[in-house]
Amino acid sequence: MKLLSRKVTCNSHGQDSSYFLGWQEYEKNPYDEKKNPKGIIQMGLAENQLSFDLLESWLAKNPDAAGFKRDGQSIFRELALFQDYHGLPAFKKALVEFMSEIRGNKVTFDSNKVVLTAGATSANETLMFCLAELGDAFLIPTPYYPGFDRDLKWRTGAEIVPIQCTSSNGFQITETALEEAYQQAKKQNLKVKGVLVTNPSNPLGTTMSRNELYLLVDFITAKNIHLISDEIYSGTVFNSPGFISIMEILKDRNCENTEVWNRVHIVYSLSKDLGLPGFRVGALYSNDDMVVAAATKMSSFGLVSSQTQYLLSALLSDKKFTRNYISENQKRLKQRQKKLISGLEKAGISCLKSNSGLFCWVDMRHLLSSNTFEAEIELWKKIVYDVKLNISPGSSCHCTEPGWFRVCFANMSEETLKLSMQRLKAFVDSTTNGHNQSSHQSVKNSRRTSLTKWVFRLSFDDREPCGER
C-alpha cells in the first residue's frame, strides 16, 4: 500500500454516499419489464429520456451529420486527426447560441470565452483548480448534488462548507445563511474563495428568484470572492417562474467590465437539456481571460471528441429543430412531473413545489419512525429492498432535515413510473395500516446488517457508477 499515492488509499472520493450505494444495489438487480419485473426501479438517476424520438428523427433526416459527411463527401479523415483543445469553432458558436436561446435570448455569450470539457463534472473540477488552492473552501447551499463531494474535492483538495437552507422558506438562500456559512469557514481556518449554486437546483427542481441572485452578487462583491453558477438544467424549466441566468443579473446591475464581472463563472452541459450524458459534452464560461486560458490548457485531460462536436454543431445550428425541441421537451417534462406528483398524492405523499429539473424533492417525513437521519436511512433501505425503488435520501444531499428524498421521473417509461407509484402506495398503505413490519423485516435483516454504516463509510468493490453529469 505504501507504493500507492494517498489519493488512492484515502477514502475521500465520496463513493460511500448512499446516493452512489443505491446505484450499486440497482445494478445488482435492475428492473426489466420482461426479464426482471420484480427488480429495483432506478429513480435515483437524473437522465432525460423523454425526447429521444425527436433527436432520432433529426438524425434520420440528416444522414450527412451522423455519417461524418459534408455536402455528401466524407470528412472522416479530417475528424479522425488530432484537434487542438480549443474545440471546433462551428460547435462553440452553435453551443453559445443554444445557450442564449434557452435563456430567451435575454443574454448572449462569446464563443471565445467558452472552454469545452468532458461533461459538467470536468467543468466544475477545472474551475476548482483555477480558483482555489489546496484547502480553500467554496460555500454551497443545501441540499446539493451529492456528486459535488467528489467533483469539487477529491482531486483538487478544495473544501465545501454548506450554506444551511431549510424547508421553512422552500430551501431558499438567505443573507443570514450565507453569512453563517462564511463565518463557519473562518472558524475552521478555511479561506473562502467563492459560492457555487445550481440553478435550476439539483435536487430541488426549483429556479432561483431574482432576489436570491441579487443577494448572491451583493455577497460575493462584499466578500471579494467568486461565484460559480451551474446552469446545466436551464433548458428543463417547464413552469413559471421562468429561469433567470446569473448573466442576466450581471447585466441588470451593469457589471460589465468590473471586477465582479470577471469573478462570475457559468457551467453548462448537454447532459440534461438534450439528454446526452453519454456524449460527455460540458462547458465552462468565464469573463476572466486568465481563467479561460488556464482552463483551456487543462481541458486537454478531458476533451470532447471531434466527431461529437461535428455532429452536435450541425444539430444545434438547425434553429427550427432547437426551437421545437426546447418547447416539446419542456411540455413532456411538465406532463411527466404531473404524473409523478399524482402518483405520490395517491400514496399520501407531497413534494416541494417545483418548476424544473428531472426530479421532485419528496417529503416523507411523516413516514419516519423518528425525526433523525438514522430513521431516514432505515426508511430508505426499506424502499430500496422491500419496495425495490432506488431513490436518493436527503442526507446524501446534505439536507439539514431528515425525511426528504429526491425522486427522478424522466429516465423511465410512463408504464414503469406507474408501476413505481403502485409499489410505493402499497408500501405506505401497509405501513400506515399496522406497523407490523418486524417479522417481514427480520427475513431480510441478513442482507441489511452489513449496510448499517452505509451512509458515511464503506469498503466497496472496483465497480463504480460513473455519475449522472
Side-chain angles (χ1 to χ4, degrees), residues 18-19 22 41 43-46 141-145 164-173 198 200-209 233 236-241 333-373 375-384 386-412 414 416-433 435 437:
S18 49
Y19 170 75
I41 295 175
M43 305 188 81
L45 180 60
T142 62
Y144 63 78
Y145 166 57
Q164 305 288 8
C165 302
T166 67
S167 61
S168 62
N169 69 343
F171 297 97
Q172 290 188 336
I173 300 172
T198 56
S201 168
N202 175 10
L204 300 178
T206 57
T207 50
M208 296 185 72
S209 68
Y233 289 95
T236 69
V237 181
F238 50 78
N239 227 334
S240 60
L333 288 172
K334 183 176 183 178
Q335 292 169 355
R336 182 57 64 85
Q337 187 223 34
K338 282 184 177 180
K339 292 185 181 298
L340 173 63
I341 293 175
S342 175
L344 291 170
E345 288 176 345
K346 290 177 182 177
I349 298 172
S350 62
C351 55
L352 183 72
K353 185 178 181 180
S354 59
N355 63 334
S356 55
L358 312 175
F359 34 72
C360 285
W361 190 236
V362 178
D363 185 359
M364 298 192 191
R365 288 177 291 180
H366 61 295
L367 297 177
L368 299 181
S369 59
S370 63
N371 187 32
T372 64
F373 287 109
E376 176 184 280
I377 294 302
E378 283 303 313
L379 175 60
W380 172 70
K381 286 189 283 187
K382 290 178 184 178
I383 293 173
V384 172
D386 295 351
V387 189
K388 290 188 168 55
L389 304 177
N390 177 39
I391 62 177
S392 305
S395 54
S396 71
C397 303
H398 300 270
C399 185
T400 58
E401 304 170 9
W404 293 88
F405 293 80
R406 191 191 76 166
V407 180
C408 300
F409 57 74
N411 63 319
M412 67 195 75
E414 189 173 321
T416 302
L417 179 63
K418 182 178 180 181
L419 174 62
S420 70
M421 293 297 98
Q422 290 172 347
R423 289 183 180 183
L424 187 59
K425 184 178 186 305
F427 167 73
V428 173
D429 289 347
S430 66
T431 300
T432 56
N433 287 340
H435 297 283
Q437 302 292 313

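Looking at Trp404 and Asp363, their side chains come closer than 4.5 Å, going by heavy atoms from C-beta outward. Side-chain contact between Ile173 and Met208: present, with at least one pair of heavy atoms (C-beta onward) separated by less than 4.5 Å. Side-chain contact between Arg365 and Glu401: present, with at least one pair of heavy atoms (C-beta onward) separated by less than 4.5 Å. In this structure, Phe373 and Pro402 have side chains that are in contact, with non-hydrogen atoms separated by less than 4.5 Å.
Of all heavy-atom pairs spanning Phe405 and Pro393, the tightest one is CD2-CA, 3.5 Å. Taking all atoms of both residues into account, the shortest heavy-atom contact from Asn202 to Thr198 is N-OG1, 3.3 Å. In this structure, Cys408 and Gly44 approach most closely via the heavy-atom pair SG-C, 3.9 Å. Scanning all heavy atoms of the two residues, the minimum distance from Phe238 to Gly357 falls at CE2-O, 3.8 Å. Nearest approach of Ala410 to Leu333, heavy atoms of both residues: CB-CD2, 4.1 Å. Between Ser395 and Ile377, the shortest heavy-atom distance links the atoms OG-CD1, 3.6 Å.
The only option from Leu417, Ile391, Asn411, Thr416 that meets the side chain to side chain contact (heavy atoms under 4.5 Å, CB included) definition with Ile41 turns out to be Thr416. Residue Phe171 is tested with Ser201, Pro141, Cys399 for a side chain to side chain contact (heavy atoms under 4.5 Å, CB included); the sole match is Cys399. For the side chain to side chain contact (heavy atoms under 4.5 Å, CB included) with Val407, the qualifying choice from Leu340, Leu344, Asn390 is Leu340, the only one to do so.
Here NE2 of His366 is found 9.5 Å from OG1 of Thr431. Values are rounded to the nearest 0.5 Å. Between atom CD1 of residue Ile349 and atom CG of residue Leu424 there is a gap of 4.0 Å, rounded to the nearest 0.5 Å. A distance of 14.0 Å separates CD in Glu378 from CG in Leu367, rounded to the nearest 0.5 Å. The distance from the CE atom of Met43 to the CE atom of Met421 is 4.0 Å, given to the nearest 0.5 Å.
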Does the side chain to side chain contact (heavy atoms under 4.5 Å, CB included) test come out yes or no for Trp380 and Ser396, once each step is laid out?
-> CA-CA 11 Å; Trp380 172 70; Ser396 71; over 6 Å; no

Would Met364 and Ile383 satisfy side chain to side chain contact (heavy atoms under 4.5 Å, CB included), going step by step from the backbone distance to the final call?
-> CA-CA 11 Å; Met364 298 192 191; Ile383 293 173; 3.8 Å; yes

Could you walk me through whether Thr207 and Tyr233 pass the side chain to side chain contact (heavy atoms under 4.5 Å, CB included) check?
-> CA-CA 9 Å; Thr207 50; Tyr233 289 95; over 6 Å; no

Please assess Val428 against Lys425 for the test side chain to side chain contact (heavy atoms under 4.5 Å, CB included), listing each intermediate value before the final yes or no.
-> CA-CA 5 Å; Val428 173; Lys425 184 178 186 305; 5.8 Å; no

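The backbone N or O of Phe409 lies less than 3.5 Å from a partner atom in the side chain of Arg336, making a donor-acceptor pair. For the pair Ser342 (side chain) and Lys339 (backbone), a donor-acceptor distance under 3.5 Å is absent. Proximity of a side-chain donor or acceptor of Ser356 to a complementary backbone N or O of Gly205 within less than 3.5 Å is detected. Judged purely by atom type and a 3.5 angstrom limit, Thr400 uses its side chain to pair as donor or acceptor with the backbone of Cys165.
With a 6.0 Å cutoff to the six-membered ring centre and a 45° limit on the axis angle, Arg406 counts as a cation-pi contact of Phe359.
Side chain to side chain, Gln337 and Ser354 meet the donor-acceptor criterion of an N or O pair below 3.5 Å.
Listed by chain and number, the residues in a side-chain contact (heavy atoms from CB on, under 4.5 Å) with Asn239 are Lys334, Asn355 (sequence neighbours excluded).
Ring geometry, Tyr144 versus His398: the interplanar angle falls under 30°, so the pair is classed parallel (tilted spans 30 to 60°).
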